[in-house]
Amino acid sequence: MQLLSQFLKHQKTDEQLVDLIATLMVACKEIALQLREGELAGVLGTTSNTNVQGETQKKLDVIANDVLKKLLLDNPLVAGLASEEEDDPVPGNPDGRFLVTFDPLDGSSNIDINVSVGTIFSVLERTPGEDPALHATYLQNGRRQVAAGYVLYGPSAVLALTTGRGVNFFTLAHTGDFILTRENIKIPTQTREFAINMSNQRHWEPAMKSYVGDLLLGSDGPRGKNYNMRWIASMVAEVHRVLTRGGIFSYPWDAREPAKPGKLRLMYEGNPMSFLIEQADGIASTCYAPIMDVQPAEIHERVSVALGSREEVEILLSYHNTEK
Ligand code: P6P
C-alpha cells in the first residue's frame with residue numbers, strides 16, 4: 001500500500017507541489033466528512049445567495065469553498081486562488097508560488113438527492129511580479145498547469161491526480177490517508193458509451209445533432225454498433241467513468257445562450273479535466289480545438305467540451321470537420 005505522499009516523492013515530484021497537494025487533500029477530507037454527515041449536519045439545501053454564474057448556492061457549495069479558501073490561504077506557497085464561488089480572485093501570500101483554481105463542489109444539484117459530487121482543482125504558477133489580486137494573473141492556458149485533479153465523493157472518495165507524469169487514482173482510507181489504488185490510467189481508445197444531456201438536442205449545432213443521431217441509430221446506422229447512454233449531471237462522476245472504462249462526455253455549445261461557448265467553465269472544469277484526459281491518452285476538445293490551447297480572456301469564461309476515448313472523439317471531430 002503506497003500513500004499519496006510516498007507515491008509523489010517516488011515520482012520525484014517538486015516538494016513544494018507535494019506540500020500544496022497535501023493541503024488540497026486536507027480540505028477534500030473535510031469536505032468528504034461534511035458530505036457524509038449530510039442531513040444530520042443540516043448542510044443540505046440552498047442558501048439565499050447566487051454566485052457569479054447566476055446559480056443559487058447550495059449550503060455545501062459555500063462550506064466547501066470556505067474550507068478550501070481557509071486552508072489554501074494558510075499555506076504560504078499559495079499566491080492566490082480563483083473559485084467558481086468567488087466573483088474575483090482571492091490573493092494569498094504575495095510572494096507565493098502557486099495559483100489554484102477550483103470548483104469546490106461540482107455537480108452540487110445532486111447533493112440533495114445523494115448522488116456523487118466532486119471537487120475539481122487546477123494548479124498554475126504565478127508569473128514572478130504578477131499581482132495575485134488581478135484577474136490577468138490567472139489567465140493562463142491549460143498547457144501551463146503543473147497539476148490538476150479531482151476528488152470524487154462517491155461510494156468511496158477517490159482522488160484522480162496528474163502532475164504531468166500520467167494519471168493515478170488514490171482512495172481515501174478510514175485512516176484519513178489517500179492510498180494509491182490505480183496507477184498509470186489509460187483510457188480505452190474505443191467505446192460504446194456516450195454521455196450528453198439529450199434534452200438540449202434541438203439546440204445543438206448541426207454537426208453535433210448528426211454525430212449523436214448516428215450514435216442513436218446503433219447497429220442499423222453508419223457506426224455499425226449499438227451505444228449505451230449515461231447522464232449523471234456531475235462532470236466529476238462522468239469523467240471518472242471515462243478514465244476508468246472509456247467513453248465520450250460532451251457538453252457542447254447550444255443555441256439557448258448563443259453568446260456562451262458552452263455551460264462548463266474553462267479554468268476550473270475544462271482545463272483540469274482536459275489535463276487528466278490527455279495524460280490518460282484521451283482527447284479533450286472544444287469540438288474545434290484542444291481545450292488546453294484556449295487562451296482564457298476571463299476567469300469564469302465557459303467552454304464547449306467533448307472529451308474521452310481517442311478514436312471516438314476523433315470521429316466526433318470529423319463530423320465538425322476538425323483536424324485531429
Ligand atoms: P445539466 C454541474 O452543474 C455541471 O456543471 C457539471 O458537473 C455537469 O456535467 C453539468 O453541469 C450538468 O448540466 O444542464 O445537465 O444540469
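FYI, the numbering just counts along the sequence from 1. What's counted below: heavy atoms across the whole structure, side chains too, no hydrogens, waters or symmetry copies.
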State, yes or no, whether a side-chain contact exists between [X] and [Y] at a heavy-atom distance under 4.5 Å.
{"X": "I179", "Y": "F170", "answer": "no"}
{"X": "F7", "Y": "T13", "answer": "no"}
{"X": "E238", "Y": "W231", "answer": "yes"}
{"X": "K58", "Y": "T47", "answer": "no"}
{"X": "Q145", "Y": "N271", "answer": "yes"}
{"X": "Y150", "Y": "H240", "answer": "yes"}
{"X": "M25", "Y": "L4", "answer": "yes"}
{"X": "F194", "Y": "L316", "answer": "no"}

I'd like to know if [X] and [Y] make a salt bridge, using a cut-off of under 4.0 Å between side-chain N and carboxylate O.
{"X": "D214", "Y": "R223", "result": "no"}
{"X": "D66", "Y": "K70", "result": "no"}
{"X": "R143", "Y": "D293", "result": "yes"}
{"X": "R192", "Y": "E312", "result": "no"}
{"X": "E193", "Y": "R245", "result": "yes"}
{"X": "R97", "Y": "D14", "result": "yes"}
{"X": "K260", "Y": "E301", "result": "no"}
{"X": "K9", "Y": "E15", "result": "no"}
{"X": "E84", "Y": "R265", "result": "yes"}

Got a donor-acceptor contact below 3.5 angstrom from the [X] side chain to the [Y] backbone?
{"X": "H300", "Y": "M267", "result": "no"}
{"X": "W253", "Y": "P258", "result": "yes"}
{"X": "R302", "Y": "P261", "result": "no"}
{"X": "K225", "Y": "T191", "result": "yes"}
{"X": "S219", "Y": "G224", "result": "no"}
{"X": "S285", "Y": "A289", "result": "yes"}

Write down the atom of [X], the atom of [Y], and the distance for their closest heavy-atom approach.
{"X": "P296", "Y": "L266", "answer": "CB-CD2, 3.9 Å"}
{"X": "N93", "Y": "P76", "answer": "ND2-O, 2.8 Å"}
{"X": "P89", "Y": "I299", "answer": "CG-CD1, 3.6 Å"}
{"X": "S304", "Y": "C287", "answer": "OG-SG, 4.0 Å"}
{"X": "T137", "Y": "E130", "answer": "CA-OE1, 3.4 Å"}
{"X": "G246", "Y": "S309", "answer": "CA-OG, 3.5 Å"}

- Task: Would you check, one step at a time, whether the test salt bridge (charged side-chain N to carboxylate O under 4.0 Å, His left out) holds for E314 with R310?
- Result: CA-CA 6 Å; E314 285 173 347; R310 172 165 296 279; 3.7 Å; yes
Indicate if [X] and [Y] have the same hydrophobic cluster label, given that clusters are the connected sets of ILVMFWY residues with side-chain heavy-atom separations under 4.5 angstrom.
{"X": "I232", "Y": "V158", "value": "no"}
{"X": "L152", "Y": "M235", "value": "yes"}
{"X": "V100", "Y": "V26", "value": "yes"}
{"X": "V236", "Y": "V115", "value": "no"}
{"X": "L172", "Y": "L3", "value": "no"}

Roughly how far, to the nearest 0.5 Å, is [atom2] of [Y] from [atom1] of [X]?
{"X": "M292", "Y": "T286", "atom1": "CE", "atom2": "OG1", "value": "12.5 Å"}
{"X": "L105", "Y": "N110", "atom1": "CG", "atom2": "CG", "value": "10.0 Å"}
{"X": "L99", "Y": "T127", "atom1": "CG", "atom2": "OG1", "value": "8.0 Å"}
{"X": "F178", "Y": "L8", "atom1": "CZ", "atom2": "CG", "value": "12.0 Å"}
{"X": "L17", "Y": "Q11", "atom1": "CG", "atom2": "CD", "value": "10.5 Å"}
{"X": "T56", "Y": "D61", "atom1": "OG1", "atom2": "CG", "value": "10.0 Å"}

- Message: Evaluate I277 against V242 for side chain to side chain contact (heavy atoms under 4.5 Å, CB included), listing each step before the verdict.
- Response: CA-CA 9 Å; I277 291 293; V242 168; 4.1 Å; yes
Test item: side-chain donor near acceptor, [X] and [Y], under 3.5 Å:
{"X": "N200", "Y": "Y251", "value": "yes"}
{"X": "Y211", "Y": "H320", "value": "no"}
{"X": "D19", "Y": "N75", "value": "yes"}
{"X": "R182", "Y": "N168", "value": "no"}
{"X": "Y153", "Y": "T119", "value": "yes"}

- Item | Test applied, side-chain hydrogen bond (donor to acceptor under 3.5 Å, both in side chains); reference residue, E85; option that passes from N51, N65, N49 |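 Output: one option passes, namely N51.
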- Determine, stepwise, if the pair F169 / I185 fulfils side chain to side chain contact (heavy atoms under 4.5 Å, CB included). CA-CA 8 Å; F169 290 170; I185 302 286; 3.7 Å; yes
- Item | Pair Y268-I120, side chain to side chain contact (heavy atoms under 4.5 Å, CB included): steps then yes or no | CA-CA 7 Å; Y268 38 81; I120 311 172; 5.8 Å; no
- Task: Could you tell me whether E257 atom CD has more than 12 heavy atoms of other residues or ligands within 6.0 Å of it?
- Result: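 Open.
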- Message: Within a 6.0 Å radius of atom CZ on R241, are there more than 12 heavy atoms belonging to other residues, nucleotides or ligands?
- Response: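 Yes, CZ of R241 has more than 12 neighbouring heavy atoms, counting only those of other groups under 6.0 Å.
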- Task: Test side chain to side chain contact (heavy atoms under 4.5 Å, CB included) on V146 and V123 and set out the steps.
- Result: CA-CA 6 Å; V146 293; V123 182; 3.5 Å; yes
